[in-house]
Amino acid sequence: MVEQHAEPLYRISSTTGETQMATAAKIQQTDWTALRTIFGDRFSDSAAVRDHHGRAETFYPAMPPDAVVYPLNTEEVAAAVSFCNEQGIAVTPYGTGTSLEGNFLAARGGLCIDLSRMDQVLRVSTDDLDCTVQAGVTRKQLNTELRDTGLFFPVDPGADASLGGMASTRASGTNAVRYGTMRQNVLGLTIVLADGQVIRTGGRARKSAAGYDLTGLFVGSEGTLGIITEVTLRLYGQPEAISAAVCEFETLRGAVNAVIQTIQIGLPVARIELLDPLQIRAINAYSRMNHRECPTLFLEFHGTPAGVAEQAESFGQVATENGGGNFHWATNTEDRTALWDARHKVHYANLALRPGCKAIATDVCVPISRLCDCIEETRRAIDDSGLTAPIVGHVGDGNFHVVLVFDPNSADETQRAKTLSEQIVAIALAMEGSCTGEHGIGIGKKAHLVTEHGPAVEVMRQIKRALDPAGIMNPAKVIDV
Ligand SMILES: Cc1cc2nc3c(=O)[nH]c(=O)nc-3n(C[C@H](O)[C@H](O)[C@H](O)COP(=O)(O)OP(=O)(O)OC[C@H]3O[C@@H](n4cnc5c(N)ncnc54)[C@H](O)[C@@H]3O)c2cc1C
C-alpha cells in the first residue's frame, strides 16, 4: 500500500505575532552591507552555506538562516550581534551543528554566527589544571593539544562538538559518571549579550560565593540568552592506568541492576554504558564488531594499576551477582579506542539499521534507583509500538537514549514515532526524572520543559525577557516568550 506523505513532526508557530509574509519582507529588506564590510569573505548569503547551517542530524525540517558570518574573536561577535539588535534580526549561534533537538535551526531566519573559526586554545595551566579556549575549539582538538601536558578534558559527546556548543547544551558523555558534565567542568565564560555588550562570568578560582551564578545560567541556555565566545574549563591528570571491558548479561534487568549497585557502593567507574541487544546488532554491523547480541555493559576504569585492578574485581563481583559474566578486556590502546569509537558512532549505526530512514534521538534521565523500572517500562512501550528503537545510555548517571528509527514517508510510522517519544519522556517524568539528560530542549522538547518545571518556566521566561528584550537570540527555542 502506498502511504500518504507524512506531515512534518514539528511546525514552528510565530510567537511574536509576525506573519510569515512580514518575515519574508524583512529578509528582502535587510541591508547586510555593514556586515559584509566587517567580515569580507567571512560573510556569506549563498544558498549552499545557508542550507548547510539550516539542517540538523535528526528529523527536523530544514530551517536555513538568511546569512552566515564566521567571526574570529569576541569583538567581531559583538559587532555582529549589535548589528542584529539594531535591525531586529534573529541571531543563531552555531558550533559544529551536531545537536539533536533542532537547537541551532534558524526558526526565524536571520543571521547565523558560526563560531568554528574561533579555534584557538588561549591558555593552559598545568599548575591549576585549567584552560581557556575560544568557543569554536572542539573537544578532540583540545585533547590533541593537551596530549603532551599530561592533562585531558573528559566531557565527550559522541560527536566532535565545539566547547561553546557543549557549554550551551550542558552536554555530557560517557565519562560524566566520574568527571561530571559541562555543568561541573565550566569555570567561567566570556559572553556577548543580546545588545552586543561583553561580560565575563565565573573565573579561575575553584570556589566563589560572589553573587549569582551566571556561569550556571548560561551553561545550558542553548544560545537563547547570549553567545559564548570563550570558555574556561577544568582539566584532569591523564590516569596512570586505564582498563576497559565489555561485560555480557543474560537480562536487561541484570545489566541495569549491576549499574545501580555499582553506583550505590561508590565504585568510581570512569565509564559504564548500557547497550541493549538491538544496539549491539547495530554496532556489530556498522563498526564491524563481533559482540554477542545480549544486554551488554561497556566499562572503563581509571586510576593506579592497583586501583584499576581492585575496581575491576569489585565490579566483577557485582556483575556475577546479577547474572553477568563473560568479560572481554580491551587492554591495549587500539582495542580501547575501537570500543569507544563504536560507542560514539551508535547514532549512525542505528540509522544504518534502516537505510533511508530518519531518527528521533531522545534522551531522558532518572534517579539511579528508578533506572531499572524506567528502562523496562520504556522497552515495553517500544515493543508495543512495533518500531525499531535501540536503547543505549550513560546509565551510571541514570541517563539513557532511545533512537527511534522511522520512515518519514510513512504517516503511520511518523505518528507512532512521535507518540513513542512522548511516552518515553512521560515515563521518565513520572519517575521524578528529566525530559533530557544532555541533548537539551531545542525546538522539540518545549512542552516537556513546561511539564517538568511548571511555574519555574515563567521565571525562565522573565530571565529571557530581561536579557533579550527584543527576542532576537535563537528565537523559538527552549521557551516560547
Ligand atoms: C553522533 C552524535 C552523538 C552525540 N552524543 C552526545 C552525547 O553523548 N552527549 C551529549 O550531550 N550530546 C551528544 N550529542 C549531541 C551534540 O553533540 C551536543 O548537543 C553538543 O553539545 C552540540 O555541540 P555543537 O558544537 O555541535 O553545537 P551546535 O549543535 O552547533 O549548537 C547547539 C546549541 O548551542 C547553541 N550554540 C552553539 N555554540 C554556541 C555558543 N558559542 N554560544 C552560545 N550558544 C551556542 C546553538 O545555537 C544551539 O542552540 C551527539 C550528537 C551526535 C550527532
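In each ligand, atom 1 is the first atom listed, and ligand 1 is the first ligand listed. No hydrogens, no waters, no symmetry mates; every other heavy atom, side chains included, goes into these values.
The shortest contact between atom 2 (C) of ligand 1 and any protein heavy atom is with A159 N, 3.9 Å. Among protein heavy atoms, atom 31 (O) of ligand 1 sits closest to S99 OG, 3.8 Å. Annotation: atom 15 (C) of ligand 1 to nearest protein heavy atom, T98 O, 3.6 Å. The closest protein non-hydrogen atom to atom 46 (C) of ligand 1 is P93 O, 3.1 Å. For atom 34 (O) of ligand 1, the nearest protein heavy atom (residue, atom name, distance) is S168 CB, 3.3 Å.
F298 has its ring centre less than 6.0 Å from the ring centre of H291.
The residue from N399, V403, T96 that puts a heavy atom closest to atom 24 (P) of ligand 1 is T96. Considering only non-hydrogen atoms, atom 28 (P) of ligand 1 lies nearest to G97 out of G165, A361, G97. In the candidate list G136, G95, A161, S172, G95 is nearest to atom 30 (O) of ligand 1, counting heavy atoms.
In summary, D213 and R183 do not engage in a salt bridge, as defined by a charged side-chain N under 4.0 Å from a carboxylate O. Using a 4.0 Å cut-off between a side-chain N of Lys or Arg and a carboxylate O of Asp or Glu, K446 and D480 qualify as a salt bridge. In summary, R379 and E376 do not engage in a salt bridge, as defined by a charged side-chain N under 4.0 Å from a carboxylate O.
Looking at A135 against ligand 1, only its side chain comes within 4.0 Å, counting heavy atoms. Of all the heavy atoms of H347, the ones lying under 4.0 Å from any atom of ligand 1 belong exclusively to the side chain. When heavy-atom distances to ligand 1 are checked against a 4.0 Å cut-off, L115 comes that close only through its side chain, counted from C-beta outward. The side chain of T169, and not its backbone, has at least one atom closer than 4.0 Å to an atom of ligand 1 (non-hydrogen atoms only; side chain from C-beta on).
Every side-chain contact (heavy atoms from CB on, under 4.5 Å) that D160 has, sequence neighbours left out, goes to T138, R139, K140.
The distance from atom NE2 of H401 to atom CD of Q279, rounded to the nearest 0.5 Å, is 10.5 Å.
Residues V198 and T190 share a closest heavy-atom pair of CG1-CG2, 3.8 Å.
Judged by the shortest distance from any of its heavy atoms, Y348 lies inside the 4.0 Å radius around the atoms of ligand 1. Using a 4.0 Å heavy-atom cutoff, K477 is absent from the residues neighbouring ligand 1. Using a 4.0 Å cutoff on heavy atoms, H394 counts as a contact of ligand 1.
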